[in-house]
Amino acid sequence: MFADELKTLRRLGVRHVLLQVLNFVSVLASGLMIWKALGLLTNTESPIVVVLSGSMEPAFYRGDLLFLTNPPEQRYQTGDITVYKVPGADIPIVHRVLETHDFTSSKKGAVAAAPLVQKQLLLTKGDNNHIDDIELYQGLEWLERKHIVGKVRGFLPYVGYVTIAMNDFPQLKYALLGGLGLLALIQRE
C-alpha cells in the first residue's frame, strides 16, 4: 500500500526528507506562536474555545467556535457570557453571568473620584439549565476573576465540530495527524 511512497522517500534522499521534516516543524511552531500571540493580545490563556454541551442553547449550540477576550480593566456585568475554569476541572465552561458582587475600598490618605474595585464575585448559569452553577464550582461559593478565562466577543456556528469529532474519536485525530505528516514528507516542493 505504501510501497510507492517508500520508493519516493528513498529516491528523494536523506537531505530532502530532513528538509521536509524541518518545514513541517516550522509550520507547527508558527501555529503555536500565533496561538500565544493571540493569547497575549486578548489577555486570555485560550482566545478560542469550542462549545461542548447544549447548556447555552439557544444562544450557542454544541460545536460553535467562540472568540474570547479578558480585558483586565473591565468589570463583568450581569448578562455577560463568560468562559470559566474551576480548580480541578480540565474543561472550561461557557455560561452567562447571573449575579455580580463588587467589593470596593478607597486608598488611605487619598480621595478618589470613584472607589476602586478590588474584588468581583460572579454567579453563573447556563441558559438551558434550570439552576445556577454553584454545584459546578466544586466547593466554591462564587467565581472570582482568577477563574474566568474570558468573555465571549463573537462566534462561528458549528465550526468546532472538527475538534469535537477528534476528541470523541481519537483514531480520527491520529489518522489526520499521520496523514499530514506523511504528506509533508513526500511533498516534492
Side-chain angles (χ1 to χ4, degrees), residues 1-57 59-74 80-95 124 126 136 138 143-189:
M1 180 174 172
F2 294 109
D4 292 336
E5 285 81 6
L6 289 174
K7 286 180 186 176
T8 304
L9 284 176
R10 285 189 197 122
R11 192 169 15 108
L12 290 175
V14 174
R15 186 174 186 176
H16 194 289
V17 171
L18 287 175
L19 184 62
Q20 292 297 72
V21 169
L22 184 62
N23 195 13
F24 185 68
V25 168
S26 70
V27 167
L28 290 177
S30 297
L32 181 61
M33 287 189 294
I34 290 170
W35 178 261
K36 289 299 183 182
L38 275 175
L40 286 172
L41 288 173
T42 59
N43 191 39
T44 179
E45 68 186 60
S46 183
I48 299 171
V49 296
V50 176
V51 178
L52 298 176
S53 74
S55 66
M56 279 302 292
E57 291 178 5
F60 301 116
Y61 292 91
R62 188 172 195 258
D64 288 354
L65 191 69
L66 306 179
F67 301 102
L68 310 178
T69 61
N70 193 12
E73 70 280 351
Q74 286 186 1
D80 286 347
I81 299 173
T82 62
V83 176
Y84 67 89
K85 240 174 148 176
V86 292
D90 295 332
I91 299 172
I93 299 170
V94 181
H95 281 174
T124 58
L136 297 175
Q138 298 184 1
L143 288 178
E144 296 179 28
R145 181 73 181 225
K146 65 183 177 186
H147 301 122
I148 303 296
V149 176
K151 179 179 180 179
V152 176
R153 297 295 184 170
F155 75 102
L156 285 174
Y158 306 113
V159 175
Y161 264 116
V162 174
T163 302
I164 292 173
M166 286 194 296
N167 284 333
D168 289 350
F169 306 104
Q171 302 89 349
L172 177 66
K173 179 176 16 179
Y174 298 129
L176 184 65
L177 288 174
L180 288 173
L182 186 62
L183 281 175
L185 286 176
I186 63 172
Q187 183 183 8
R188 293 179 186 207
E189 294 179 11

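Quick note: residue numbers are just sequence positions, from 1.
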Rounded distance [0.5 Å steps], CG in Leu18 versus CG in Asn23:
12.5 Å
side-chain hydrogen bond (donor to acceptor under 3.5 Å, both in side chains) partners of residues 34-45, not counting sequence neighbours, each pair once
Glu45-Lys85
CG-OG1 distance between Asp168 and Thr163, expressed to the nearest 0.5 angstrom
10.5 Å
Rounded to the nearest 0.5 Å, how far does CG of Leu176 lie from CE of Met166?
6.0 Å
Donor-acceptor under 3.5 Å (Thr82 side chain, His95 main chain):
yes
Where Pro72 and Arg145 come nearest, the two heavy atoms and their spacing
CA-NH2, 3.5 Å
Looking only at non-hydrogen atoms, find the nearest pair between Ile91 and Leu52 and report the distance.
CG2-CD1, 3.6 Å
In terms of heavy-atom contacts, Leu68 and Ser46 come closest through CD1-O, 3.3 Å
Ignoring hydrogens, what is the shortest heavy-atom contact between Ala165 and Leu172? Give both atom names and the distance.
CB-CD2, 4.0 Å
Are the side chains of Val152 and Phe60 in contact, using a 4.5 Å heavy-atom criterion?
yes
side-chain contact (heavy atoms from CB on, under 4.5 Å) filter on Ala59, not counting sequence neighbours, yields Met56, Arg96, Asp127
Minimum-distance pair of heavy atoms, taken over all atoms of Tyr84 and Leu136
OH-CD1, 3.7 Å
Determine whether Asp64 and Tyr158 make a side-chain contact, defined as any pair of heavy atoms from C-beta on separated by less than 4.5 Å.
yes
Which atoms form the tightest heavy-atom contact between Pro47 and Gly39, and what is the distance?
CG-N, 3.9 Å
Applying the side chain to side chain contact (heavy atoms under 4.5 Å, CB included) test to Val50, which of Val159, Asn167, Val162, Ile164 qualifies?
Ile164
Would you give the length of the straight line joining atom CD1 of Ile48 to atom CZ of Phe67, rounded to the nearest 0.5 angstrom?
5.5 Å
Calculate, to the nearest 0.5 Å, the distance between atoms CG and CD1 belonging to Leu66 and Ile81 respectively.
8.5 Å
